[in-house]
Amino acid sequence: AALAGLDLGTKTIGVALSDRMLTVATPTETIKRKKFTADAERLVALLKDREIGGIVLGLPRNMDGSEGPRCQSTRAFARNFSRLWDGPITYWDERLSTVAAERALLEADTSRAKRAELIDHVAASYILQGALDRLRHLKGA
C-alpha cells in the first residue's frame, strides 16, 4: 500500500502521497487547519480514499536535534489521530525539508504568493521522499 507524508504546520497540514511501489512522493494537497476533529476527518477520508497503508509525520526538531514545543504538538497529533485511524504512524526528521522545498520552489521561480501556498505539501513530499529513499536503502534495492 502507498504511504502518506504529512507536514504539520500551525495553520495547515501539507500532504504528499507515494505510489504503490513506494518510490516517488507526490505533493498532493494542503489542508487548512480548523479544529482537530475536522482536520482528522478530512485526513481519514483522504487516507481511505487513496488506500494509504501508513503515515510518515515530519518531526520538526531544532537544528541541534533537540525537541521543542512543535515536536510535542506533532506527537500529540499522532497520539490523537491514532485513535481514529488503524495504520502505522512513523516520524521522519524534517529539519531540512522546508528549506529544501523553499529552495526547489525558488529555483523553479515560483512567485512568493504561490510559494507560500505550495510550500507545505512540497515540504511534505520531501519528508516522504526521504523516508522512501531510506526504506529502499534498507531493503538494498
State yes or no: do Val15 and Val44 share one hydrophobic cluster built from I, L, V, M, F, W and Y residues joined by side-chain heavy-atom distances below 4.5 Å, directly or via other members? yes
According to a hydrophobic-cluster definition based on side-chain heavy atoms being under 4.5 Å apart (Ile, Leu, Val, Met, Phe, Trp, Tyr only), do Val56 and Leu22 belong together? yes
Do you know which two heavy atoms are closest between Asp7 and Ala123, and how far apart they sit? OD2-CB, 3.6 Å
Tell me which pairs pass ring-ring contact (aromatic ring centres under 6.0 Å, His included) where either residue lies in residues 57-79, with sequence neighbours left out. Phe36-Phe77, Phe77-Phe81
Please tell me if the side chains of Arg42 and Ile13 come closer than 4.5 Å, counting only heavy atoms from C-beta onward. no
Can you name the nearest heavy-atom pair linking Gly58 to Thr74, along with the distance? O-CG2, 3.6 Å
Any sub-3.5 Å donor-acceptor pair from Thr12's side-chain atoms to Gly9's backbone N or O? no
Output the distance between atom CD (Glu29) and atom CG (Leu46), rounded to the nearest 0.5 Å. 5.0 Å
For a quick test of your reading: what N or O donor-acceptor pairs under 3.5 Å do the side chains of residues 59-67 make, sequence neighbours left out?
unit_1: Arg61; atom_1: NH1; unit_2: Gly65; atom_2: O; d: 3.3
unit_1: Arg61; atom_1: NH1; unit_2: Glu67; atom_2: OE2; d: 3.4
unit_1: Asn62; atom_1: ND2; unit_2: Ser66; atom_2: OG; d: 2.9
unit_1: Asp64; atom_1: OD1; unit_2: Ser66; atom_2: N; d: 2.9
unit_1: Asp64; atom_1: OD1; unit_2: Ser66; atom_2: OG; d: 2.7
unit_1: Glu67; atom_1: OE1; unit_2: Arg75; atom_2: NE; d: 3.1
unit_1: Glu67; atom_1: OE2; unit_2: Arg75; atom_2: NH2; d: 2.8

Check the pair Leu8 / Leu57 against side-chain contact (heavy atoms from CB on, under 4.5 Å), numbers first and verdict last. CA-CA 8 Å; Leu8 291 180; Leu57 261 182; 3.8 Å; yes
Which heavy atom in Asp39 sits nearest to a heavy atom in Lys34, and how many Å separate them? OD1-N, 2.9 Å
Given Ile89, Leu43, Leu3, the one that forms side-chain contact (heavy atoms from CB on, under 4.5 Å) with Ile55: Ile89
Do His121 and Thr28 meet the criterion of a side-chain donor-acceptor pair at a distance under 3.5 Å? no
Minimum heavy-atom separation for Ala2 and Ser18, please, with both atom names. CB-O, 3.3 Å
Just by distance, do the side chain of Asn80 and the backbone of Ala76 share a donor-acceptor pair under 3.5 Å? yes
Return a table of donor-acceptor pairs under 3.5 angstrom between the side chains of residues 127-135 and protein atoms on other chains or two or more places apart.
unit_1: Gln129; atom_1: OE1; unit_2: Ala25; atom_2: N; d: 2.9
unit_1: Gln129; atom_1: NE2; unit_2: Thr23; atom_2: O; d: 2.9
unit_1: Gln129; atom_1: NE2; unit_2: Asp133; atom_2: OD1; d: 2.9
unit_1: Asp133; atom_1: OD1; unit_2: Arg136; atom_2: NH2; d: 2.9

Is the closest side-chain heavy-atom distance between Trp85 and Leu47 below 4.5 Å? yes
Would you name the heavy atoms of Ala124 and Ala16 that are closest together and state the gap between them? C-CB, 3.6 Å
Could you tell me which non-hydrogen atom of Gly53 sits nearest to which non-hydrogen atom of Pro88, and how far apart they are? O-CD, 3.1 Å
